[in-house]
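Below is one structure, written out as structure tokens; comments come after it.
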Number of protein chains: 2
Amino acid sequence: MRIVAALGGNALLKRGERPDSDIQEHNVEIAVAALAPLARDHELIITHGNGPQVGVLALESANDPSLSHPYPLDSLGAETQGLIGYWLVQELQNQLPDRLVAAIITQTVVDRDDPAFDHPTKFVGPVYDEAELRAIATQRDWVIAADGDRWRRVVASPEPTRIVESSVIRLLLDANAVVVCAGGGGVPVTESADGCLTGVEAVIDKDLTTALLAEELGADALLVLTDVDAVIRDFGTPQAAPIRSVTTDELRGIRFPAGSMGPKISAVCRFVDRTGGFAAIGSLADAAAILDGSRGTRVNPS
Amino acid sequence: MRIVAALGGNALLKRGERPDSDIQEHNVEIAVAALAPLARDHELIITHGNGPQVGVLALESANDPSLSHPYPLDSLGAETQGLIGYWLVQELQNQLPDRLVAAIITQTVVDRDDPAFDHPTKFVGPVYDEAELRAIATQRDWVIAADGDRWRRVVASPEPTRIVESSVIRLLLDANAVVVCAGGGGVPVTESADGCLTGVEAVIDKDLTTALLAEELGADALLVLTDVDAVIRDFGTPQAAPIRSVTTDELRGIRFPAGSMGPKISAVCRFVDRTGGFAAIGSLADAAAILDGSRGTRVNPS
């Protein structure tokens, strides 16, 4: 089987942990221990989030007096792909010494007419006082919004439309390599009519990119791995219960509290509806059990 | 022909330029324009320096109050591979739309018994006052040295002994991909007796890594590209003259002023002595002319 597994941001940095390198490398060791059994029996592609890591680098860049202006999100995202890709491939090589392993810098095309660009919603970078941020925003052409009682920059979160490096990734998979790619949803780029790629200030949801990648690679299974055992029905009520098996139509009909579950559900539903493949959401620690159907939430065609 | 081309640090950031992303992306466009003709007719592997970029990130990390301690050099080097790799692959794809292009996160093994670890010589990171740096150095177990009238951290620059990702790189070359790899000399790692890789605080010379990579890949040609037209004989004297052709023995016998030419000369001499292949040093802008022998310094077997 060809399996695409998406690691949530918390796989690398748990809530409340400092973004130190040694803490994250320790978490990577645990994550790879959960994924290595899949790689022993299957083709495996690993994608990952980069929210906390790109936040650290964005803040550092914004405070760097040697720069005329902070690095844009495409460049910062590429830095996190290098960083997290390195941690993952090193640990994969250590735990799977007989396998080829590669981390590929990955660009994801978005449509520059995507309506998301007219309604930026994704908070990025540090918090500021309103007056201070208004001054910076005018200078840098940023859109800003209130985040509680402080202000932050907001950027668009457009739909991924194409993974630039999918041919390269397919080539490596065909040679039985474990591939780490599409970190942080891929570096966001737009494509001109003549095919010219340009980085863009945006954040692409990593689960939606992962679903698209799984489709482009003809994957048999998509595993969206996070820190919850399963999708929970009636969350926060006395009737709360894990969902073991659900169709895409049923899943889309359930209301969930605001948060990160929305894109995960969209991602698995898209993959199942478009390909009929196996898809599930569950805990990273249960990765192997999710694949055999004994843990997590299995999402079936409607 | 299989050609390995090493881009000098100045290809991305010229002396006196601010390390802004847009300035470097503009320089990448020029660099790729010089390299694209080689890729049209040959297999091409591109390596690159990362001195200014890792310096920026090291300083940012050292000043980041959210971290318990700054990121180590292996992690920072990986970030620069992501950043520069992204810039290069995007521009390569734009100038060579019909080719596969890939940037691979690359680790380079060094021997932990390398005598360089007992005599760190390579300045890294920001300058400090002596007292301030002595306090930090005790806390972080750093070796420090005077750099002019200020003080800086020094780290080892050990010999590269193996490129971890060379099989992956070879696979991509065999599929006619242009490969960007081994940025900054590769992420420095040591290897235990049982093959376990661990990042290490060191800086590997990018030209020596490039020569080793060229040898491991069975390359036909090694081009060390910089901002001088050729190696200069009797530099700084009235007899100064560019060397057009030289044997490895002759080249090793010439004394050059201290600076970055030493590792370039060691790199080309090693490659030629070990493989008998084509090697030359010259200006990035002349890349194609260096390959046909009309520009640069051609280095021949003794």
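In what follows, chains are A, B, ... by sequence order, proteins preceding strands, each numbered from 1.
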**Q.** Winner by heavy-atom pair count (cut-off under 4.5 Å) against chain B, out of L57(A), T80(A), L59(A)
**A.** L57(A)
**Q.** Most contacts with chain B, counted as non-hydrogen pairs under 4.5 angstrom, among V164(A), L67(A), N63(A), V168(A)
**A.** L67(A)
Q: Go through A102(B), P65(B), S66(B) and name the one with the most non-hydrogen pairs under 4.5 angstrom from chain A.
A: S66(B)
Q. Rounded to the nearest 0.5 Å, how far apart are OG1 of T190(A) and CD of Q107(A)?
A. 10.5 Å
Using heavy-atom distances under 4.5 Å, tell me whether [X] contacts chain A through its side chain, its backbone, both, or neither.
| X | value |
| --- | --- |
| V101(B) | backbone |
| Q24(B) | side chain |
| E91(B) | neither |
| P19(B) | both |

Q | Side-chain donor-acceptor contact under 3.5 Å, E29(B) with N94(B) | A | no
Q. Under 3.5 Å, is there a donor-acceptor pair between the Y86(A) and Q81(A) side chains?
A. no
Q) If you count the non-hydrogen atoms of other residues, nucleotides and ligands that lie under 6.0 Å from CG in D141(A), is the total more than 12? A) no
Q. When you check the gap from the basic side-chain N to the acidic O, do E191(B) and R162(B) get nearer than 4.0 Å?
A. yes
